[in-house]
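To keep things clear, I will list the structure first and then write my remarks on it.
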Protein chains: 2
Amino acid sequence: MARRFRGSEEVKVDAKGRVSIPAKFRRVFESCDPDWSTGKRPQMVIVFGTRDWKHLQLFTIEAMNEIDDSIAAMPRGSAERNLLENIYHGHAEETEIDGDGRLVLPQKLREKIGLADGAFFISAGDSLKVWTPESYAEEEQRLESLVPDFEPGADPLSLLGSASKTEG
Amino acid sequence: MARRFRGSEEVKVDAKGRVSIPAKFRRVFESCDPDWSTGKRPQMVIVFGTRDWKHLQLFTIEAMNEIDDSIAAMPRGSAERNLLENIYHGHAEETEIDGDGRLVLPQKLREKIGLADGAFFISAGDSLKVWTPESYAEEEQRLESLVPDFEPGADPLSLLGSASKTEG
DNA sequence: AGGGATGCCATGGGATTTCATGGGAAGCAA
DNA sequence: TTGCTTCCCATGAAATCCCATGGCATCCCT
């Protein structure tokens with residue numbers, strides 16, 4: 001089964017804050033949860049990040065384990081490690097996908113990103129980002145404005161291998 | 001059940017100094033108390049640390065046992081061991097979670113961190129930190145400001161692996 | 001290839017349980 | 001007594017469980 005997310009999807013949010021996880025994404029959560037087996041509920045981690053985040057980020061168990069390990073490998077007490085722990089341990093929640101294939105987003109998190117009627121999922125490698133359809137539209141504009149001076153017809157793959165530490 | 005804390009939560013502090021331990025955290029205290037069984041009260045240790053601490057730190061019994069062992073393995077009489085004993089033995093208290101899932105914080109401790117109406121819990125690996133909502137907000141800003149080139153909107157994971165000086 | 005059956009999937013709703021929180025009354029110390 | 005604790009109960013709100021339905025895609029049989 002697939003081990004990475006690909007694609008995007010828009011779903012409804014009901015009055016109880018329930019959000020149906022599109023089946024293709026559910027499969028990824030299942031196969032990346034080491035304790036999962038048919039009939040069980042796939043576990044996952046919701047990272048909601050600091051105050052300014054307008055989205056949630058859903059991680060498979062395996063992806064989160066990798067992150068936990070990387071953080072644990074950083075020097076104790078370093079500012080970077082403290083900040084990462086604050087975000088990925090402090091500003092995160094463990095949950096599971098319910099028997100009907102839905103995720104229940106606690107009221108607090110819904111309010112944080114202004115989630116009401118609809119939720120927009122978009123793949124990001126080994127995690128899935130959740131936006132309101134409106135704020136995702138803004139985000140997309142922001143992203144496009146960041147695209148460097150790509151010559152018309154340039155191949156994005158030319159970026160592979162180049163790495164700068166932060167984005168702008 | 002989960003053996004590590006994840007997430008954060010804000011709760012009320014009532015006139016009697018009672019603080020409800022959010023259920024997800026209570027489960028961790030239960031499963032990390034070797035003597036606990038259904039119906040019993042989970043034990044824990046409150047570390048309030050030195051004068052400058054603006055938070056309390058709540059440890060499960062198992063986590064505290066580990067710390068005790070590590071301290072016991074240090075050379076007797078060393079300055080480091082004395083300091084650690086002073087904090088984790090001298091400036092700490094054993095308590096339990098009451099039948100309603102609440103922790104009663106002695107007045108002395110509430111005064112120490114200025115706890116009045118609300119308490120903010122945040123996970124820190126195998127312990128839980130307690131702040132006033134106000135001082136936590138400051139702490140969070142401090143954490144962010146310590147990481148030099150962390151720009152708003154950047155992906156925090158870009159920090160993975162980068163490790164600089166320790167904080168003060 | 002057509003058409004029906006089957007199964008999966010997104011969505012909805014009612015009933016039940018858990019949870020955070022508030023308050024009264026009984027114990028205990030100063 | 002007066003002021004803290006400790007125990008027990010009450011309550012509204014939120015979360016969870018369980019079942020229902022209609023649409024869509026897939027499979028299978030003819």
Side-chain angles (χ1 to χ4, degrees), chain A residues 1-2 5 7-31 38-44 46 48 56 58 93-112 115-122 128 130 133, chain B residues 1-2 5-31 38-44 46 58 93-112 115-122 128 130 132-133:
Chain A
M1 261 304 139
F5 298 104
S8 59
E9 208 71 42
E10 185 170 341
V11 297
K12 298 213 168 177
V13 180
D14 73 14
K16 297 176 184 174
R18 293 180 300 187
V19 176
S20 187
I21 303 287
K24 63 184 172 191
F25 297 145
R26 211 182 304 148
R27 298 282 123 67
V28 181
F29 286 112
E30 290 168 352
S31 63
T38 309
K40 281 206 195 145
R41 303 180 167 196
Q43 305 290 121
M44 58 178 304
I46 310 177
F48 50 94
L56 307 175
L58 312 182
E93 303 256 351
E94 285 183 13
T95 348
E96 55 187 24
I97 297 179
D98 75 13
D100 299 330
R102 286 182 282 201
L103 187 64
V104 185
L105 293 175
Q107 201 171 34
K108 204 178 78 176
L109 296 191
R110 273 180 277 154
E111 281 168 9
K112 180 164 190 294
L115 212 63
D117 296 341
F120 184 78
F121 290 94
I122 184 157
L128 204 52
V130 188
Chain B
M1 259 305 139
F5 297 104
R6 198 183 297 265
S8 55
E9 209 69 44
E10 185 169 339
V11 297
K12 300 215 167 176
V13 180
D14 73 13
K16 300 176 184 175
R18 294 180 300 185
V19 176
S20 186
I21 304 286
K24 64 185 170 193
F25 297 144
R26 211 181 303 147
R27 305 243 160 68
V28 180
F29 285 111
E30 290 169 352
S31 64
T38 308
K40 282 205 196 147
R41 303 180 166 196
Q43 305 292 118
M44 59 180 302
I46 309 179
L58 311 181
E93 303 221 353
E94 287 187 9
T95 348
E96 56 185 24
I97 297 178
D98 76 12
D100 297 333
R102 286 183 279 202
L103 188 64
V104 184
L105 291 175
Q107 204 170 26
K108 198 178 77 176
L109 296 190
R110 271 181 279 154
E111 280 167 10
K112 180 164 189 295
L115 212 63
D117 296 342
F120 185 80
F121 290 92
I122 185 156
L128 203 54
V130 189
T132 66

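The figures that follow rest on heavy atoms only: side chains count, while hydrogens, waters and symmetry mates do not. To find a chain, count down the sequence lines: A is the first, B the second, and so on, and within it residues start at 1.
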Does a nitrogen or oxygen in the side chain of [X] sit under 4.0 Å from OP1 or OP2 of [N]?
{"X": "A/Arg110", "N": "D/dA14", "value": "no"}
{"X": "B/Arg102", "N": "C/dG23", "value": "no"}
{"X": "A/Arg27", "N": "C/dC9", "value": "yes"}

On the 0 to 90° scale, with breaks at 30° and 60°, tag the A/Phe5-A/Phe25 ring pair as parallel, tilted or perpendicular. perpendicular
Which atom pair, heavy atoms only, marks the closest approach of [X] to [Y]?
{"X": "B/Ile21", "Y": "B/Arg26", "value": "O-NH2, 2.8 Å"}
{"X": "A/Glu30", "Y": "A/Pro42", "value": "CG-CG, 3.7 Å"}
{"X": "A/Lys24", "Y": "A/Ser8", "value": "NZ-O, 4.0 Å"}

To the nearest Å, how far apart are [X] [atom1] and [N] [atom2]?
{"X": "B/Asp117", "N": "C/dT21", "atom1": "CG", "atom2": "C1'", "value": "14 Å"}
{"X": "B/Leu103", "N": "D/dC7", "atom1": "CG", "atom2": "C1'", "value": "16 Å"}
{"X": "A/Glu96", "N": "D/dC17", "atom1": "CD", "atom2": "P", "value": "7 Å"}
{"X": "B/Arg26", "N": "C/dC19", "atom1": "CZ", "atom2": "P", "value": "6 Å"}
{"X": "B/Ile97", "N": "D/dT6", "atom1": "CD1", "atom2": "P", "value": "15 Å"}
{"X": "A/Asp98", "N": "C/dG12", "atom1": "CG", "atom2": "C1'", "value": "13 Å"}
{"X": "B/Glu9", "N": "C/dT18", "atom1": "CD", "atom2": "P", "value": "19 Å"}
{"X": "A/Arg41", "N": "D/dC18", "atom1": "CZ", "atom2": "C1'", "value": "11 Å"}

Residues, nucleotides or ligands: over 12 heavy atoms within 6.0 Å of A/Lys108 NZ: yes
Contact list please: residues 14-25 of chain B against DNA chain C, heavy atoms, distance less than 4.0 Å, in numerical order.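 Listed by number, they are B/Asp14, B/Lys16, B/Arg18, B/Ser20, B/Ile21, B/Pro22, B/Ala23.
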If you check the B/Asp100 side chain, which of D/dA15, C/dA20, C/dG22 turns out closest? C/dG22
With a 4.0 Å cut-off on heavy atoms, is A/Gln107 in touch with a base, just the backbone sugar-phosphate, or nothing at all? sugar-phosphate
Would you find a donor on one side and an acceptor on the other, under 3.5 Å apart, between the side chain of B/Asp100 and the backbone of B/Arg102?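 Such a contact is absent between B/Asp100 side chain and B/Arg102 backbone.
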CG/B/Leu103 to CD1/B/Ile46 distance, rounded to the nearest 0.5 angstrom?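 It comes to 5.0 Å.
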